[in-house]
Amino acid sequence: QVQLVESGGGLVQPGGFLRLSCSASGGIFSRNHVGWYRQVPGKQRELVAALSRDDSTNYADSVKGRFTISRDNAKNTVYLQMNNLKPDDTAVYYCNVDRVIVNGWEYLELWGQGTLVTVSS
């Protein structure tokens, strides 16, 4: 099966920044909807940012103005730029893509393995 690959997580101090990336090996992101989610122990997974097929965006109130979701069509990759990180941003971040074409086959509703973001001084 095809799985999304995420990278970019790590440990940063409050006020720092990270950029997460999400892609599928050999995949083509075409007319897809992308979402970045995060989850902490004991809490429900929440949608952080979404990018629609028409490139409109939506953000959780807690990250609005600090996070930016974007797409690089040439690289078939989506990103989550996270600026001015806060301790409450600490979570495992997951990428979700509703449609990916790999080697001529269409795959639906793919999830990344998760990448840990830790914000601590």
Measuring from atom [atom1] of [X] to atom [atom2] of [Y], what distance do you get when rounded to the nearest 0.5 angstrom?
| X | Y | atom1 | atom2 | value |
| --- | --- | --- | --- | --- |
| Leu51 | His33 | CG | NE2 | 7.5 Å |
| Gln81 | Ser70 | CD | OG | 8.0 Å |
| Met82 | Thr68 | CE | OG1 | 11.0 Å |

Quiz prompt | Check against side-chain contact (heavy atoms from CB on, under 4.5 Å), Val78 and Cys95 | solution = CA-CA 9 Å; Val78 296; Cys95 176; 3.9 Å; yes
Quiz item: Side chains of Arg38 and Val63: does their closest heavy-atom pair fall under 4.5 Å?
Solution: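 Yes, close enough: below the 4.5 Å cut-off.
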Write down the atom of [X], the atom of [Y], and the distance for their closest heavy-atom approach.
| X | Y | value |
| --- | --- | --- |
| Ala50 | Leu47 | CB-CD2, 4.2 Å |
| Asn84 | Gly15 | OD1-CA, 3.7 Å |
| Leu80 | Ala49 | CD1-CB, 4.0 Å |
| Cys22 | Val97 | SG-CG2, 4.4 Å |
| Ala24 | Val100 | CB-CG1, 4.0 Å |

Practice problem: Please check if Tyr37 and Leu18 belong to a single hydrophobic cluster, counting links between Ile, Leu, Val, Met, Phe, Trp and Tyr side chain heavy atoms closer than 4.5 Å. | Solution: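 In one cluster with Tyr37: Leu18, no.
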Quiz item: Are Val5 and Val34 linked, directly or through other ILVMFWY residues, by side chains that come within less than 4.5 angstrom of each other?
Solution: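 No: no chain of side-chain contacts under 4.5 Å links Val5 to Val34.
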Self-check item: Summary of ring pair (Phe, Tyr, Trp, His ring centres under 6.0 Å) pairs that have at least one residue in residues 60-101, sequence neighbours excluded
Solution: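 Output for this query is empty, none listed.
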Quiz item: If you look only at pairs with a residue in residues 111-121, which of them pass as a side chain to side chain donor-acceptor pair (under 3.5 Å), with sequence neighbours excluded?
Solution: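 The answer is none; no pair qualifies.
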Practice problem: Not counting sequence neighbours, list each pair that qualifies as a side chain to side chain donor-acceptor pair (under 3.5 Å) and has a residue in residues 6-18. | Solution: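 Only Ser7-Ser21 qualify under side chain to side chain donor-acceptor pair (under 3.5 Å).
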Quiz item: Can you name the residues that form a salt bridge (Lys or Arg N to Asp or Glu O under 4.0 Å) with Glu106, not counting sequence neighbours?
Solution: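 Salt bridge (Lys or Arg N to Asp or Glu O under 4.0 Å) check on Glu106 returns Arg99.
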Practice problem: Sequence neighbours left out, what passes salt bridge (Lys or Arg N to Asp or Glu O under 4.0 Å) with Lys64? Give chain and number order. | Solution: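 With neighbours one apart ignored, the set is Asp61.
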Practice problem: With sequence neighbours excluded, give me every salt bridge (Lys or Arg N to Asp or Glu O under 4.0 Å) pair touching residues 48-58. | Solution: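 For residues 48-58: Arg53-Asp98, Asp55-Arg71.
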Self-check item: Side-chain donor/acceptor of Asn96 to backbone N/O of Leu110, under 3.5 Å
Solution: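 Pair found, side chain donor or acceptor close to backbone of Leu110.
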